[in-house]
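Shown next, in C-alpha cells, is the structure this report addresses.
As the structure is a computational prediction, the values presented were derived from the model and not from experiment. Positions are given from 1 along the sequence.
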Amino acid sequence: MHFYTMPTPNEIYEALEARRLELGLSQADVGARAFGKPDNSAFQALRRGSSPSAEKLAALCAAVGWEFYFGPARETGPVESVALGGESFAQIPLHAASLSAGHGHENHQEAVIDYLAFRRDWLRRVGVSPSSAVLARADGNSMQPTIWAGDLVLIDRTRADLPVRKTETKARRSSIYAFVEDGHARIKRIERPAEGELLLLSDNPDYGPQFARASDITVIGKVMWWGHTNRD
C-alpha cells in the first residue's frame, strides 16, 4: 500500500465547494444528500479545520457524485511499461503542443512526437496516474525563474478543477496550470478569488497579473513537475 500527503481539511473543503457550485447545490443540499437532512455543519467543520471521519467524507463525496477512494493513483487506460534495472517505468507521451508562458501559442496539432519514461513508484508518490499524464514544452519567459523556455512540464489532466480561494487568506503560492484561452495554450499560476473570476500570475516580476473570466478558460490540467533544459 502506498501513502501520500493527505489533503488538509481546508483543501477538502475547497474541492467540495468547487464541486457543489459546479452542480448548483447549496451546502445544505449536499448535507441532505449525504446525511438525510439539510445541514451545512459538515462543510463548516471542514472550513474551520476539523478533520472529517472516513464515513462522513465518503458520504459527502457520494453526494456530489465523486468516488471516495484510498490508494495509489489508478490508471484509466493502457500505458506502455519499460523495465530497467529491476524498476518499472511508464512511457509518458510528449505532445507537439507548446505551452506559452506569455500570451499563448496557437497549436494546430497535438501529435505525440516522443515518449519519456518515468518511474511508476515516483508517479504514485506524487499521485499521478500514468494514463492521465502528458508532457509538453514551455515557451516564453514569464514563468522564469521557475519554468524556462524549452523546459518539459508534466501535466495531470485529472486535476482540472480550480477551487474558489480568497487570495488574501492563502499562505502558499498558487498552483501552476496548463490551459487554453481563446484558442491559445498557456501556462500560469492561477488563482480563483470568485466563482467567475481568475487571476493569472507570472513568476517573472516583469509581467504583471492578468484577469480572466473563468468561462473563457479551458484547463488542460495541473503542472506536477518540470525539468530544465541545459542551453549551454
Side-chain angles (χ1 to χ4, degrees), residues 1-76 123-129 131-133 155-180 188-201 211-224:
M1 180 177 290
H2 299 271
F3 295 89
Y4 311 108
T5 301
M6 295 296 290
T8 66
N10 185 251
E11 288 171 332
I12 296 172
Y13 170 78
E14 290 173 348
L16 286 170
E17 269 289 276
R19 177 59 175 166
R20 75 155 184 93
L21 289 170
E22 179 186 349
L23 296 173
L25 300 172
S26 69
Q27 292 182 354
D29 291 334
V30 178
R33 289 185 176 191
F35 311 114
K37 60 180 180 179
D39 185 1
N40 69 348
S41 60
F43 273 86
Q44 296 309 308
L46 285 168
R47 188 177 185 179
R48 291 192 299 269
S50 299
S51 297
S53 65
E55 293 80 4
K56 184 170 291 186
L57 184 55
L60 288 170
C61 287
V64 297
W66 278 353
E67 180 184 3
F68 179 70
Y69 170 72
F70 180 77
R74 295 180 291 184
E75 297 184 17
T76 58
L123 290 169
R124 283 194 294 266
R125 282 199 299 273
V126 298
V128 176
S129 168
S131 58
S132 301
I155 303 163
D156 184 352
R157 294 177 296 175
T158 65
R159 304 186 189 216
D161 291 332
L162 300 172
V164 177
R165 179 182 292 126
K166 299 294 185 181
T167 56
E168 66 270 18
T169 62
K170 184 168 178 290
R172 65 187 184 280
R173 300 184 77 181
S174 51
S175 299
I176 301 174
Y177 291 88
F179 61 95
V180 176
K188 295 283 185 185
R189 297 188 188 274
I190 301 182
E191 288 280 4
R192 193 174 189 177
E195 179 63 22
E197 301 174 1
L198 298 178
L199 187 62
L200 311 180
L201 303 171
F211 292 93
R213 293 182 302 180
S215 58
D216 293 337
I217 296 291
T218 300
V219 179
I220 300 169
K222 184 178 180 181
V223 175
M224 304 297 293

Practice prompt. Name all residues meeting the side-chain contact (heavy atoms from CB on, under 4.5 Å) criterion together with Arg159; count only those two or more places apart in sequence or in a different chain, and write none if there are none.
Written response: Asp156, Lys222, Met224

Fill in: side chain to side chain donor-acceptor pair (under 3.5 Å) contacts touching residues 49-63 (sequence neighbours left out)
none

Discussion item. Is there a side-chain contact between Leu199 and Ile190 in this structure, where contact means two heavy atoms from C-beta onward sitting under 4.5 Å apart?
Written reply: no

Worksheet item: If you measure from CD on Glu191 to OG on Ser175, what distance do you get to the nearest 0.5 Å?
Response: 8.5 Å

Practice prompt. Mind checking side-chain hydrogen bond (donor to acceptor under 3.5 Å, both in side chains) for Arg20 and listing every partner two or more places apart, or none if nothing turns up?
Written response: Glu17

Worksheet, complete the sentence: Correct closest heavy-atom pair for Val223 and Ala178 would be CG2-N, 4.1 Å

Fill in: Any Leu16 side-chain heavy atom under 4.5 Å of Val30 side chain
no

Discussion item. Please report the interatomic distance CZ(Phe179) to CD1(Ile155), rounded to the nearest 0.5 Å.
Written reply: 11.5 Å

Between side-chain atoms of residues 212-220 and protein atoms elsewhere (two or more places apart, or another chain), which donor-acceptor pairs fall under 3.5 Å?
residue	atom	partner	partner atom	Å
Arg213	NE	Asp216	OD2	2.9
Arg213	NH2	Asp216	OD1	3.4
Arg213	NH2	Asp216	OD2	3.1

Worksheet, complete the sentence: What one should report as the nearest heavy-atom pair of Trp66 and Asp161 is CZ2-OD2, 4.3 Å

Practice prompt. Kindly write out the residues that satisfy side-chain hydrogen bond (donor to acceptor under 3.5 Å, both in side chains) with Asp29, not counting sequence neighbours, or none if the list is empty.
Written response: Ser26

Discussion item. Quick one: does any side-chain atom of Arg189 pair with a main-chain N or O of Leu201 as donor and acceptor, under 3.5 Å?
Written reply: no

Expected list for residues 31-48: side-chain donor-acceptor pairs under 3.5 angstrom, two or more places apart:
residue	atom	partner	partner atom	Å
Arg33	NH1	Ala63	O	3.0
Asp39	OD1	Ser41	N	2.9
Asp39	OD1	Ser41	OG	3.1
Asp39	OD2	Ser41	OG	2.9
Gln44	NE2	Gln27	OE1	2.8

Fill in: Inter-residue atom distance Lys188.NZ - Ser174.OG, 0.5 Å rounding
11.5 Å

Worksheet item: Glu195: what forms a side-chain hydrogen bond (donor to acceptor under 3.5 Å, both in side chains) with it, not counting sequence neighbours?
Response: Arg192

Worksheet item: Considering residues at least two apart in sequence or located in another chain, which fulfil the salt bridge (Lys or Arg N to Asp or Glu O under 4.0 Å) criterion with Glu22?
Response: Arg19

